[in-house]
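Below: the structure, in structure tokens.
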2 protein chains.
Amino acid sequence: MDRRETVQRTIILDTIKSIYHPTVNDIYEQVKKNYPQIGKATVYRNVNLLVEDGLLRKICIGEKEAVYDWDLDSHYHLRCSECKNIYDIDLDYSKELDEKIESLGFMVSHHELVFTGVCPKCQEKNTKMEE
Amino acid sequence: MDRRETVQRTIILDTIKSIYHPTVNDIYEQVKKNYPQIGKATVYRNVNLLVEDGLLRKICIGEKEAVYDWDLDSHYHLRCSECKNIYDIDLDYSKELDEKIESLGFMVSHHELVFTGVCPKCQEKNTKMEE
DNA sequence: TTGTGTGCAAAGCATTTGCACGGCT
DNA sequence: AGCCGTGCAAATGCTTTGCACACAA
């Protein structure tokens with residue numbers, strides 16, 4: 001299963017790096033600007049390959065669409081319940097948590113930590129509306 | 001928006017309590033045994049209402065189907081990457097984590113922590129197969 | 001009686017897949 | 001030449017919705 005290098009895959013990866021937490025559709029729309037003949041299935045296929053290869057992280061949060069995160073260091077996320085945006089959280093990945101669970105008999109590969117709350121921007125918006 | 005009490009809702013809630021991390025389909029199949037005329041849409045609608053009312057927790061993990069957890073105390077989960085089962089993890093909910101994120105400017109309502117790994121059963125299965 | 005909940009089928013979305021064609025190697 | 005990746009459209013699977021009828025209040 002050797003993987004061929006294609007123009008599409010290259011463009012898709014480059015594009016992902018330029019968008020913050022994009023959905024497949026975000027990626028598709030953006031890629032289309034430089035490469036109009038792209039098909040959405042191609043984006044899905046390549047995004048899946050990139051996830052498989054560990055170059056991309058898939059984040060599934062309550063919402064319908066999955067979003068993708070291009071980063072090499074693990075980190076956590078917060079989803080604003082008002083604007084629905086997903087923010088990276090500046091908190092180090094805790095290996096100790098994984099170790100704690102391993103001591104319970106599981107073999108742990110990693111964990112996802114997602115906070116739900118309200119981001120600073122939306123908090124500000126709310127206080128203004130109350131005035 | 002007063003909520004009516006219906007036979008269906010009662011049966012659905014009772015049924016959920018009897019299944020471990022069920023999907024909507026699991027609930028539907030189980031309810032049908034005692035109440036064959038139930039419709040799947042009714043299950044969806046009631047499950048959503050129960051989540052809205054805080055009587056039920058929706059857990060969305062990478063997989064397509066959402067599973068539901070009937071519990072009042074928050075806790076964490078582990079999803080076995082082999083058997084795909086979801087396990088409750090015996091680790092207390094950390095309010096300190098929420099507080100840490102609040103100090104970063106977010107208003108936090110709660111967090112979800114999901115581990116991915118291999119459960120004891122599947123580990124055992126694997127060692128047996130290697131023999 | 002009055003409107004909310006139900007059951008059914010159809011619609012909606014996100015995602016995957018089948019197939020013929022195009023382009024690396 | 002051989003075959004993997006692409007583009008399109010169709011299929012899939014989970015979930016929601018429209019509508020007429022049933023039933024709780």
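Below, read A as the first sequence line, B as the second, and so on, with proteins coming before strands; counting in each chain starts at 1.
In terms of position along DNA chain C, the nucleotide closest to B:Gly39 lies nearer the 5' end than the nucleotide closest to the other residue of the pair A:Lys58 and B:Gly39. If A:Leu49 and A:Ala41 are placed on DNA chain D by their nearest nucleotide, the residue sitting closer to the 5' end is A:Leu49. Each of B:Ala66 and A:Thr6 was assigned the nucleotide of DNA chain D with the nearest heavy atom; the assignment lying further toward the 5' end belongs to A:Thr6.
In the model, A:His111 has a side-chain atom that pairs as donor or acceptor with a side-chain atom of A:Tyr93 under 3.5 Å. The closest side-chain donor-acceptor pair between B:Lys40 and B:Asn25 falls under 3.5 angstrom. When only modelled atom types and interatomic distance are considered, A:His75 and A:Asp69 share a side-chain donor-acceptor pair under 3.5 Å.
We find the CG-OG1 distance between A:Asn34 and A:Thr15 to be 6.5 Å, quoted to the nearest 0.5 Å. The CG atom of A:Leu50 sits 8.5 Å away from the CZ atom of A:Arg3 when rounded to the nearest 0.5 Å.
In this structure, the CD atom of B:Gln8 is 9 Å from the P atom of D:dA24, given to the nearest Å. Between the CG atom of B:Asn48 and the C1' atom of D:dT16 there is a distance of 9 Å, given to the nearest Å. A straight line from CZ of B:Arg9 to P of D:dC23 spans 16 Å, rounded to a whole angstrom. Following rounding to the nearest Å, A:Tyr44 (OH) and D:dA9 (C1') show an atom-to-atom distance of 15 Å. The nearest whole Å value for the distance from the CZ atom in B:Arg45 to the P atom in D:dC19 is 13 Å. Regarding B:Lys64, its NZ atom lies at a distance of 9 Å from the C1' atom of D:dT12, rounded to whole Å.
In this structure, B:Tyr28 has its ring center at least 6.0 angstrom away from the ring center of B:Tyr44. Checked against the 6.0 Å centroid criterion, the rings of B:Tyr87 and A:Phe106 qualify as a close aromatic pair.
Five base pairs at each end of the helix from C:dT1-D:dA25 to C:dT25-D:dA1 define two local axes, and these are offset by 30° (rounded to 10°).
Looking at B:Glu65 and B:Lys84, no side-chain N of the basic residue comes within less than 4.0 Å of a carboxylate O on the acidic one, giving no salt bridge. Using a 4.0 Å cut-off between a side-chain N of Lys or Arg and a carboxylate O of Asp or Glu, B:Glu124 and B:Lys121 do not qualify as a salt bridge.
Distance from the side chain of A:Arg4 is smallest to D:dC3 among D:dC14, D:dC3, D:dG7.
Scanning DNA chain C 5' to 3' for nucleotides with an atom closer than 4.0 angstrom to a non-hydrogen atom of chain A gives a first and last hit of C:dA14 to C:dC24.
In this structure a side-chain-to-backbone donor-acceptor pair under 3.5 Å is present from B:His21 to B:Ile86.
In this structure, the side chains of B:Cys119 and B:Cys83 come closer than 4.5 Å at one or more pairs of heavy atoms.
For DNA chain C, the residues of residues 13-35 of chain B within the heavy-atom distance limit of 4.0 Å (strictly under) are B:Tyr35, sorted by number.
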